[in-house]
Engineer: 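Let me give you the structure first, and then I'll get to my questions.
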Amino acid sequence: METKIFHRDTWAEVNLDHIYKNISSMKTRLRNDVSLFAVVKANAYGHGDYDVAKTALEAGADFLSVAFLDEALSLRKKGITAPILVLGASRPESAALAAEQGISVTAFDEAWLESAKAQLKPGQVLQVHVKVDSGMGRIGIRDKSQLMKVEGLLMREPCFNFQGIFTHFATADELKTDLYEKQLAVFKAMLAELTERPEYIHAANSAASLRFADPIWNAVRMGISMYGLSPSMEMKPLLPFPLQQSISLKTKLVAVKQLVEGESVSYGATYTAQGKEWIGTLPIGYADGWIRKLQGQEVLIEGMRVPIVGRICMDQCMIKLPRSFPVGTEVTLIGDDGVESITVDEIAAKLETINYEVTCMIGARVPRVYIKDNQKKHIRNFILE
Ligand SMILES: Cc1ncc(COP(=O)(O)O)c(C=O)c1O
């Protein structure tokens, strides 16, 4: 499974020690009876699902969570045997496969459960977490009578185990807490209707787990903070412990040339040299997630900030250099170089988006180099797997 090579000098470094530390810090903050669900959907927010899942489990995570069944199956295929919850909607036709693979699914509809029941083979038991829509407006049960029907069906049918109930907050990362409080109250009112509480009651994402510790939940779902990133900019000053960013993005100069006044760079000739200028070419482009809106963004070379000039191409982009540098010189797009640093948050600000989107955007074509025990340990090249 592990492909140890890559043939293009662009790579993302993922520091597993940092991920381990971020989870350990969260665990010391949680009550002893609170389980930690590590959220590794979307290829672990772009960091690589298998290696992050393994690290999370080593750091004490009790459960893994993904968005879709295929992501859970991919982890099983790679040898992960820990419990996994699919947070999003699954097809009822997939019920037998999920049960066979010991994968817990999310349900929020009686008709879905009836269809899933018809798919299950004799003797199979499907682990089900019921989703309550307390105000996110995405998926989930919205009224008590529907919850009663779903609970009744889950209790009645031996092919189901009512393993958990959960909700998701829309604004836990905002300073204003009114919607958070309203959602929590709705969730509590729904829980009060249950005849019996399932094993896991979970509501908090990173933001809520970092800020609040309501006795109603006995599990939290930790996503963005596991990767060392703050759930929002306004929450940064509220973080109860320092988070360590775990991803860097690196490349190397593949060409260096001097332009003279009037010569231009890249598609559309949007950048023109004002005099003699050194221009370096980097083997990374929008197909790797380094999107065109990053034109003008700075990168680091020998600890200096230099700008991307001209339009970013599909596979390459150009930077303006203060002097000639040898081909092969390392360039940092995200991460530290000397005293300079470019954070995921800086890229998110440039793109007017959130840090989640930046790490998820780093494409499968970019190999991941994992750092463990403070050493470069192994490489995963998703396109050669
Ligand atoms: C249902 C659900 N739970 C938990 C999370 C993790 O949230 P965060 O990354 O903010 O910790 C997500 C992420 O989008 C989610 O959709």
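Note that this is a predicted model, so its numbers are computed, not measured. All heavy atoms count here, side chains included; hydrogens, waters and symmetry mates do not. Atoms within each ligand, like the ligands themselves, are counted from 1 in listed order.
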Engineer: Please check if F169 and L239 belong to a single hydrophobic cluster, counting links between Ile, Leu, Val, Met, Phe, Trp and Tyr side chain heavy atoms closer than 4.5 Å.
Structural biologist: yes
Engineer: Any protein N/O atoms within less than 3.5 Å of an N/O atom in ligand 1? List the atom names and distances, or say none.
Structural biologist:
residue, atom, partner, partner atom, Å
ligand 1, 3 (N), R221, NE, 2.7
ligand 1, 3 (N), R221, NH2, 3.4
ligand 1, 9 (O), Y45, OH, 2.6
ligand 1, 9 (O), I224, N, 2.8
ligand 1, 10 (O), Y356, OH, 2.6
ligand 1, 11 (O), S206, N, 2.8
ligand 1, 11 (O), S206, OG, 2.5
ligand 1, 11 (O), G223, N, 2.9
ligand 1, 11 (O), I224, N, 3.4
ligand 1, 14 (O), K41, NZ, 2.7
ligand 1, 16 (O), K41, NZ, 3.4
ligand 1, 16 (O), R138, NH2, 3.1

Engineer: Under 6.0 Å between the ring centres of Y227 and Y356?
Structural biologist: no
Engineer: Less than 4.0 angstrom from a charged side-chain N to a carboxylate O is my criterion; do K236 and D345 meet it?
Structural biologist: yes
Engineer: Distance only, no hydrogens: is a donor on one side chain within 3.5 Å (strictly under) of an acceptor on the other, for E13 and S248?
Structural biologist: no
Engineer: Verify whether one side chain among E277 and Y271 offers a donor that lies under 3.5 Å from an acceptor in the other.
Structural biologist: yes
Engineer: Quick one: CZ on R292 to SG on C317, what's the gap to the nearest 0.5 Å?
Structural biologist: 12.5 Å
